[in-house]
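Numbered from 1 within each chain, the chains take letters A, B, ... in sequence-line order.
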2 protein chains.
Amino acid sequence: MGPIRNLLADVDVTEQQWRVLRVLEEGGPMEPTRIAEQSCLLLPSLTRILQKLDEKKLIQRKTDKTDRRRQIVRITPRGSRLIEENLDKNLAFLEEVRTRLGPERFDTLLDLLTALNQLDQEPPEAG
Amino acid sequence: MGPIRNLLADVDVTEQQWRVLRVLEEGGPMEPTRIAEQSCLLLPSLTRILQKLDEKKLIQRKTDKTDRRRQIVRITPRGSRLIEENLDKNLAFLEEVRTRLGPERFDTLLDLLTALNQLDQEPPEAG
DNA sequence: CCGATATATTTAACATGTTTATCATTTTCT
DNA sequence: AGAAAATGATAAACATGTTAAATATATCGG
C-alpha cells in the first residue's frame with residue numbers, strides 16, 4: 001500500500017482517514033458505530049480519526065436529537081472534493097495490483113479475506 | 001487473531017514478540033535485519049520489540065566482532081521454554097481456522113497473500 | 001590515508017491497533 | 001418513578017506501523 005500512502009500523504013490524509021471519508025461519501029451521513037463497521041476500524045481508533053478529520057474540516061458532527069448518546073457524522077464539501085480529486089488515482093493503483101496479481105486470483109483473494117473475516121463474527125462449531 | 005492474542009497475553013508476550021521468538025527458535029541466532037525480513041516487521045518496530053524481549057530475558061544480544069555495526073540476537077533458554085509451552089495451543093488454533101475456512105481455501109489464501117507480498121518486492125512492469 | 005558513501009541499527013514523531021475503563025444517556029424491569 | 005443494566009462514544013495506556021532523521025561503523029575511490 002506504500003504507493004497509495006504516498007498519494008494520500010500529498011493531500012495530508014492517512015489510509016484510514018481516506019477510508020472513513022469514502023464510507024461517508026458513499027453511505028451518506030451516519031453514526032460512528034456504523035462507520036467503524038464499514039471501514040473495519042475499532043471505535044477507539046475511529047474516535048481519534050474523526051477528531052483529526054474534524055480539525056481538517058473534512059467532516060462535520062452533530063449529536064442526534066432523539067438520542068443524545070449518538071452523533072451523526074457527515075462529510076463536508078471540502079471532504080467530497082478531496083475524494084473527487086484523488087479517487088481516480090487510487091482506483092488506478094488498485095487496478096494495477098489486480099492486473100499484476102492476475103484478476104481471477106485477485107478476486108479470489110478478496111473472497112477469501114471476506115470469508116476469513118466472517119469467521120470471526122460466527123460462533124465456532126460447538127463440537 | 002483475538003484468541004491467539006489472549007493465549008499469548010497470559011504469558012505476557014504480544015503477537016509480534018511471539019513471532020520474533022519463533023523466528024529465532026527456528027532459524028537460530030541472527031541479525032536484526034534478517035529477523036525483520038522473516039517476521040515481516042520494519043526495523044524501527046523490531047528495535048523496540050527486541051528491547052522488550054531483552055528486558056524480559058527472552059533473548060540476548062551481542063555485537064558482532066568482525067563488524068561492530070551488526071549484532072547477533074539469540075533466544076535464551078527461558079525464551080525457548082516459553083515457545084515450547086505455548087506452541088501446541090497456537091498451532092491448534094491455526095488448524096481450527098484452517099478447518100473452519102476449509103483447508104483448500106486456507107492454503108489458497110496463504111498462497112495468494114504470499115504472491116501479493118512478492119509484488120511489492122518486484123519492480124512494476126515498465127510499460 | 002582520507003573524505004565521500006554505504007550499511008546496520010537506533011531514535012523521534014506521529015498515527016493507528018488493542019484492551020480496559022469511564023462518561024453520558026437511554027432502556028429495562030419492577 | 002427509580003435503580004440496574006445496556007448502549008454510544010470517549011479516554012487512557014501501552015504496543016506497533018510508518019516515515020524521516022540521526023548514529024555508529026565500515027567500505028570505496030582517489
May I ask you to verify if any side-chain N or O of [X] is less than 4.0 angstrom from the OP1 or OP2 atom of [N]?
X	N	result
Ser45(A)	dT16(C)	no
Gln51(A)	dA11(D)	yes
Arg61(B)	dA8(C)	no

Candidate nucleotides [options], ranked by approach to the side chain of [X] - the nearest:
X	options	value
Arg70(A)	dT16(D), dT10(C), dG8(D)	dG8(D)
Arg68(A)	dA26(D), dT9(C), dT26(C)	dT26(C)
Gln71(B)	dA9(D), dT18(C), dT10(C)	dT10(C)
Glu31(B)	dT10(D), dT9(C), dT18(D)	dT9(C)

How would you label the contact of [X] with the nucleic acid (heavy atoms, under 4.0 Å): base, sugar-phosphate, or nothing?
X	result
Arg5(B)	sugar-phosphate
Thr33(B)	sugar-phosphate
Leu41(B)	sugar-phosphate

Is [X] linked to [Y] within one hydrophobic cluster, defined over Ile, Leu, Val, Met, Phe, Trp and Tyr using a side-chain heavy-atom separation of less than 4.5 Å?
X	Y	answer
Leu109(B)	Leu116(B)	yes
Leu53(A)	Leu7(A)	no
Met30(B)	Ile72(B)	no

message: Whether the side chain of Thr63(A) engages the backbone of Gln71(A) through a donor-acceptor N/O pair (distance < 3.5 Å, no angle test) should be reported.
response: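 Checked: no pair found.
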
Rounded interatomic separation in angstrom, taking [atom1] from [X] and [atom2] from [N]:
X	N	atom1	atom2	result
Arg48(A)	dG17(D)	CZ	P	15 Å
Asn6(B)	dT19(C)	CG	C1'	10 Å
Ile49(B)	dG17(C)	CD1	C1'	13 Å
Glu37(B)	dT9(C)	CD	P	10 Å
Asp67(A)	dT7(D)	CG	P	12 Å
Leu50(B)	dA8(C)	CG	C1'	13 Å
Leu43(B)	dA22(D)	CG	C1'	15 Å
Lys65(B)	dA26(D)	NZ	P	15 Å

message: If we check salt bridge (Lys or Arg N to Asp or Glu O under 4.0 Å) with Glu31(B), which of these qualifies: Arg74(B), Lys62(B), Arg70(B)?
response: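 Passing option: Arg70(B).
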
field: Minimum heavy-atom distance between Leu46(B) and Ala36(B), given as atom pair plus value
entry: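 Minimum heavy-atom separation between Leu46(B) and Ala36(B): CD2-N, 3.7 Å.
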
Identified side-chain contact (heavy atoms from CB on, under 4.5 Å) partner of Gln17(A) from the options Ile49(A), Leu50(A), Asp12(A):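 In the set Ile49(A), Leu50(A), Asp12(A), the residue that makes a side-chain contact (heavy atoms from CB on, under 4.5 Å) with Gln17(A) is Ile49(A).
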
field: Sub-4.0 Å heavy-atom contacts from residues 10-20 of chain B onto DNA chain D, ordered by number
entry: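 The answer is Thr14(B), Gln16(B), Gln17(B).
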
message: Need to verify one output field. Residue with the more 5' nearest nucleotide on DNA chain D, Lys52(B) or Leu42(B)?
response: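 On the 5' side of the pair lies Lys52(B).
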
message: How long is the straight-line distance from OG1 of Thr76(A) back to CZ of Arg78(A), given to the nearest 0.5 Å?
response: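 So the gap between those two atoms works out to 7.5 Å.
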
message: So if I define the base as every atom that isn't primed, P, OP1 or OP2, how would nucleotides 1-6 of chain C read as a B/S/- string at a heavy-atom cutoff under 4.0 Å?
response: -----B

message: Does atom CZ (Arg61(A)) have a neighbourhood of more than 12 heavy atoms from anything else shown, all under 6.0 Å?
response: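 More than 12 within 6.0 Å, yes.
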
message: With no hydrogens and no angle check, just 3.5 Å: does a side-chain donor-acceptor pair link Glu25(B) and Ser80(B)?
response: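 The answer is yes; a qualifying pair exists.
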
